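Structure first, then comments.
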Amino acid sequence: MMHEYAIEMVSVNRVFGKGAAQVAALSDIALTIEPGARVAVVGPSGSGKTTFLNLVGALDKPSSGVVTVLGHEISRFSERAASAFRRERLGFVFQDDALIPEITVFENVELPLVLLRVPPQERRARVRNLMERLLLDHRMSSFPPVLSAGEKQRVAVARAIIHDPKLLLADEPTSHLDTRAAEAVLQTIQELTAEKGITVITATHDPRVFTRFTSHVTLNDGRVVQHNPHAPEDADVTLHARHGLGDSLGVS
Ligand code: ADP
Ligand code: MG
């Protein structure tokens, strides 16, 4: 069987706007990421991190180039195919917890399983198990607004992972949290993804976050500028030369 990358980008560009107002949010991105990798996408504000995650998450399409995720060329997906792909294979955590305030914590975490038509009894068991593991079971019938920021974000992680996605995408997941809460959220992400071999891509400019990740993609002004300077022999992320795969840049 052919080797399947978690993520493959070939000559990817994303341009916003038209004419003089054009912004190149991502330019000439060519890389591969191995299954099970834990990657922090780092770089200053405006460097293209969110754009990168949105392309990987089938929330956006490149202006040119090819994005392949879990063996699917998602840059060619219809809106409908993209949404099914997100629902089944991906989990998302955003800067704000994005929980639905009018339903309970339990119902929030259960929602992805409802959308996937998992039978009610199985849904209940899975949500209960996960909430107990996260020591959040006492919060199950609470409504999100009464939770602390850290608790909300851990519930958001539970919701992102309850359906066993293959890939977890997190965009600045700790930026609104104090250090202790941030640590708890990162710990939760790490534990839940490691045991299931879920690939994790986290965009962040928070040093508390990126020092915990073993692989890094550093963006500046829409380009990959540097490849994990602290561990040159990164087995999980490979950068490729501008015109396609084959000749790795070997940047260290
Ligand atoms: P980061 O997440 O690293 O802060 P972004 O990916 O959000 O960076 O943005 C990269 C660049 O693309 C910025 O210059 C930003 O202003 C621009 N950009 C992002 N999204 C849009 C959009 N929908 N319309 C126009 N410009 C955008
Ligand atoms: Mg961003």
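From a predicted model like this one, the values you see are computed outputs, not experimental measurements. We count ligands from 1, going down the list as the structure has it; atoms in each ligand are counted the same way.
If you check which protein heavy atom lies closest to atom 17 (C) of ligand 1, you get Val23 CG1, 4.0 Å. If you check which protein heavy atom lies closest to atom 9 (O) of ligand 1, you get Thr51 OG1, 3.9 Å. The protein heavy atom nearest to atom 19 (C) of ligand 1 is Phe16 CE1, 3.5 Å. The single protein non-hydrogen atom nearest to atom 12 (O) of ligand 1 is Ala25 CB, 3.3 Å, given as residue, atom name and distance.
Protein heavy atoms are absent from the space less than 4.0 angstrom from atom 15 (C) of ligand 1. For atom 6 (O) of ligand 1, the nearest protein heavy atom lies closer than 4.0 Å.
Side-chain contact annotation: Asp206 with Thr174, donor-acceptor N/O pair under 3.5 Å present. Using modelled atom types and a 3.5 Å distance limit, the side chains of Glu73 and Thr68 yield no donor-acceptor pair. Between the side chains of Glu88 and His163, no donor-acceptor pair is found at a separation under 3.5 Å. Residues His3 and Glu34 have side chains that bring a donor and an acceptor to within less than 3.5 angstrom of each other.
Residue-to-ligand polar distances place Gly48 within reach of ligand 1: an N/O pair is separated by less than 3.5 Å.
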- Task: Might you work through the salt bridge (Lys or Arg N to Asp or Glu O under 4.0 Å) test for Lys49 and Asp171, ending with a clear yes or no?
- Result: CA-CA 8 Å; Lys49 302 182 298 295; Asp171 196 353; over 6 Å; no
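Arg126 and Glu122 are joined by a salt bridge, as a carboxylate oxygen and a charged side-chain nitrogen come within less than 4.0 angstrom of each other.
Residue side and main chain included, Ser45 places no N/O/S atom under 2.8 Å of the Mg ion (ligand 2).
Ligand 1 lies less than 4.0 angstrom from a heavy atom belonging to Ser45.
Close contacts of ligand 1 with Pro44, meaning ligand atoms under 4.0 Å from a residue heavy atom, involve 3 (O).
A cation-pi contact links Arg14 to Phe16, judged by a cut-off of 6.0 Å to the six-membered ring centre and 45° from its axis.
Leu31 and Val56 fall within a single hydrophobic cluster, where Ile, Leu, Val, Met, Phe, Trp and Tyr side chains are chained together by heavy-atom contacts under 4.5 Å.
Closest heavy-atom approach to atom 11 (C) of ligand 1 within the set Gly222, Ala203, Gly46: this belongs to Gly46.
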